[in-house]
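Taking it in order: structure first as structure tokens, then the write-up.
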Amino acid sequence: MELSGRGLFTGEPAVLRFQPAPADTGIVFVRDDQNPPIQIPARVENVAKRLRRTSLRNGTVQIETIEHCMSALAGMGVDNAFVSLNGNEVPAMDGSSLAFVEKLKESGIVALDKPRQVFRVPETVRVADGPSYVMAAPPASEDEELLEIIYDLDYGDKGRIGEQIFKLRLSREAFEEQIASARTFVLKEEADQFRAGGLGLHLTYQDILVFGEDGPIDNTLRYPDECVRHKILDLIGDLYLFGGFIVGQVFARRSGHALNHELVRRLCELRERVVFKRRMAEDPVLDVRKIQRILPHRFPFLMIDRVIELEAGRHAVGIKNVTINEEYFGGHYPGQPIMPGVLIIESMAQLGGLLLARELEHTGKVAVLLSLDRVKFRRPVRPGDQLIVEAHSRRVKSRTGHVYCTARVGDEHVAEADVKFMMVDADPL
């Protein structure tokens, strides 16, 4: 099923198609006019900086103004879909999510066998810019399974918009009835600025809500509070860049896309901490005995105590518990014990070796450190710290391996490096 129309900002024509996707795919936009087609997962890490809209980027390829489409997918409860597009910008349609909702209903939404993954907000997260803010908080009760949004919009006396407050408990029915048809809006002076910059030249007052001194120009409102409803529509679309459904409460005042994106980034960091704590409570993938079967290092030079995550050929997460009993603290430095940077690098290299060891299993090869590049240190590591090391495989060939490694303590970045290995015979004799 497809939709066609012109982009809100660029005015470029494009055709958008919704296509089914298997479980755990998420929402993935596809520029099918590229050769080969370029996929861009709708995740906050792929967001490009744009004014007044949400856009994705993969290298030089971008997809502009995705928020109304994303809001429709979130509001209709669609977890997995490919959204194909043959142009730079998603068709604006009437400036709301209504056309996307209707097309999704026409296409049909199929339940998959795998259960939906949701994230229950465990603690309050707030981001602000002056008087504007947006925050997420835990759900009001333990049995709550929905996202509740309260938005406070305050335009003062501009365009007679005034202050509007709206509360939504997000469900498919509530989204369809209360949010989906709320259209995007601008003040007349903003519209004039966009046109002066070459944006939105194709639009008329009937295509978009433009507010003058006396209210909408040559247009009528669908709701008396259509503006705040559209702000919630945008917020729902931006929150879906989290990559899954959120259960909790979201409060916003005069928030826009940039603040929404920052909240999603903070929620992603919070999710990583929650997942990490859960993994720390589980049995390790590799304990120190298994590590010693793979690495030749021994006391006092074994720098990984356990591996809590290991995906062969892709990435690994390891732990180094730093204690005052480490031999080197006696001289580095007396009265101010700091873990030597070279040993932080060594811990990253050892984890990289463990990651590559799975690739080299049954090949008769071992990974030996060859070179380091782009080494950076961010903060010191002291006794009592727990060093969390991550290794991500970049490239593995028959004779060399390339791994990008990072180290952190809690949420604080400690070090990073590109580590290259040479593959040598495990038994040169």
Side-chain angles (χ1 to χ4, degrees), residues 21 23-28 40-47 54 56 66-67 70-71 73-75 77-81 112 114-128 133-149 170 235-252 255 257-285 307-311 314-319 386-392 404 406-414 416:
D24 296 330
T25 300
I27 306 301
V28 178
I40 313 179
R43 304 291 292 265
V44 71
E45 56 264 31
N46 295 324
V47 168
T54 296
L56 301 176
I66 67 166
E67 58 267 28
M70 286 289 288
S71 190
L73 290 163
V78 177
D79 300 81
N80 306 283
L112 301 178
K114 198 164 185 178
R116 168 174 291 165
Q117 299 297 315
V118 300
F119 179 71
R120 297 180 65 87
V121 179
E123 62 186 60
T124 299
V125 177
R126 185 179 188 271
V127 294
Y133 72 85
V134 59
M135 60 184 288
S141 62
E142 292 185 1
D143 57 351
E144 180 63 83
E145 295 297 334
L146 296 177
L147 175 65
E148 184 175 271
I149 298 175
L170 182 59
L235 178 55
I236 291 169
D238 288 341
L239 288 174
Y240 210 29
L241 294 166
F242 180 76
F245 288 92
I246 297 170
V247 173
Q249 302 175 89
V250 172
F251 307 91
S255 173
H257 293 297
L259 273 182
N260 297 344
H261 300 158
E262 185 58 29
L263 177 67
V264 174
R265 292 186 186 96
R266 296 279 297 277
L267 287 172
C268 288
E269 293 171 0
L270 179 58
R271 175 175 57 188
E272 289 179 5
R273 293 200 300 271
V274 170
V275 171
F276 179 76
K277 288 180 181 178
R278 185 173 67 244
R279 286 175 180 158
M280 287 292 292
E282 297 172 349
D283 292 335
V285 177
V307 175
I308 61 172
E309 186 175 340
L310 179 61
E311 187 175 357
R314 300 195 65 180
H315 77 282
V317 180
I319 301 297
Q386 185 177 66
L387 196 64
I388 304 164
V389 186
E390 297 189 39
H392 301 269
Y404 172 69
T406 62
R408 60 186 170 90
V409 173
D411 296 328
E412 295 186 74
H413 200 52
V414 168
E416 61 186 81

Just verifying a value: how many Å separate Asp79 CG and Leu73 CG, rounded to the nearest 0.5 Å? 10.0 Å
N/O donor-acceptor pair under 3.5 Å between Arg273 side chain and Gly410 backbone: no
Please work out whether the ring planes of His392 and His315 are parallel, tilted or perpendicular, with thresholds of 30° and 60°. parallel
With a 4.5 Å cut-off on side-chain heavy atoms, are Leu241 and Leu56 touching? yes
Supply the atom-to-atom distance Ile319 CD1 to Met280 CE, rounded to the nearest 0.5 angstrom. 4.5 Å
In Å and rounded to the nearest 0.5 Å, what is the NE2 to CG distance from His257 to Leu235? 10.0 Å
Is any side-chain heavy atom of Phe251 closer than 4.5 Å to one of Arg126? no
Heavy-atom nearest pair, Ile27 first then Tyr240, reads CG1-CE2, 3.7 Å
Under the side-chain contact (heavy atoms from CB on, under 4.5 Å) rule, what do Val409 and Ile388 come out as? Steps first, then yes or no, please. CA-CA 6 Å; Val409 173; Ile388 304 164; over 6 Å; no
How about CD on Glu142, more than 12 heavy atoms from neighbouring residues, nucleotides or ligands closer than 6.0 Å, or not? no
Look only at the side chain of Arg271 and the backbone of Phe242, and say whether a donor-acceptor pair between them is shorter than 3.5 Å. yes
Out of curiosity, Ile149 CD1 to Gln249 CD, how far, rounded to the nearest 0.5 Å? 11.0 Å
Below 4.5 Å, heavy atoms only, C-beta onward: do Arg120 and Glu145 meet side chain to side chain? yes
Is atom CD of Glu123 surrounded by more than 12 heavy atoms (other residues, nucleotides or ligands) closer than 6.0 Å? yes
Looking only at heavy atoms, what is the nearest atom pair of Asn260 and Ser255, with distance? OD1-OG, 2.6 Å
Non-hydrogen atoms of Ala21 and Leu112 that approach each other most closely: O-CD1, 4.1 Å
Donor-acceptor pair, side chain of Arg279 and main chain of Val317, under 3.5 angstrom: no
Minimum heavy-atom separation for Gly77 to Arg116, with atom names? O-NH2, 2.6 Å
Using a 3.5 Å distance criterion without hydrogens, assess whether the side chain of Glu309 forms a donor-acceptor pair with backbone atoms of Ala316. no
With Leu170, the side chain to side chain contact (heavy atoms under 4.5 Å, CB included) member among Val247, Ile236, Leu239: Ile236
Show your reasoning for whether side-chain contact (heavy atoms from CB on, under 4.5 Å) applies to Asp411 and Glu269. CA-CA 8 Å; Asp411 296 328; Glu269 293 171 0; 6.0 Å; no
Residues Pro122 and Leu270: closest non-hydrogen pair is CD-CD2, 3.5 Å
Over all atoms of both residues, closest heavy-atom pair of Phe245 and Ala74: CE2-O, 3.5 Å
Let me confirm one number: the OG1-CD1 distance from Thr54 to Ile66, rounded to the nearest 0.5 Å. 6.0 Å
Would you say that Pro138 contacts Thr124 through its side chain, given a criterion of any heavy-atom pair below 4.5 Å between the two side chains? yes
Nearest 0.5 angstrom please: Asp238 CG to Leu259 CG, how far? 10.5 Å
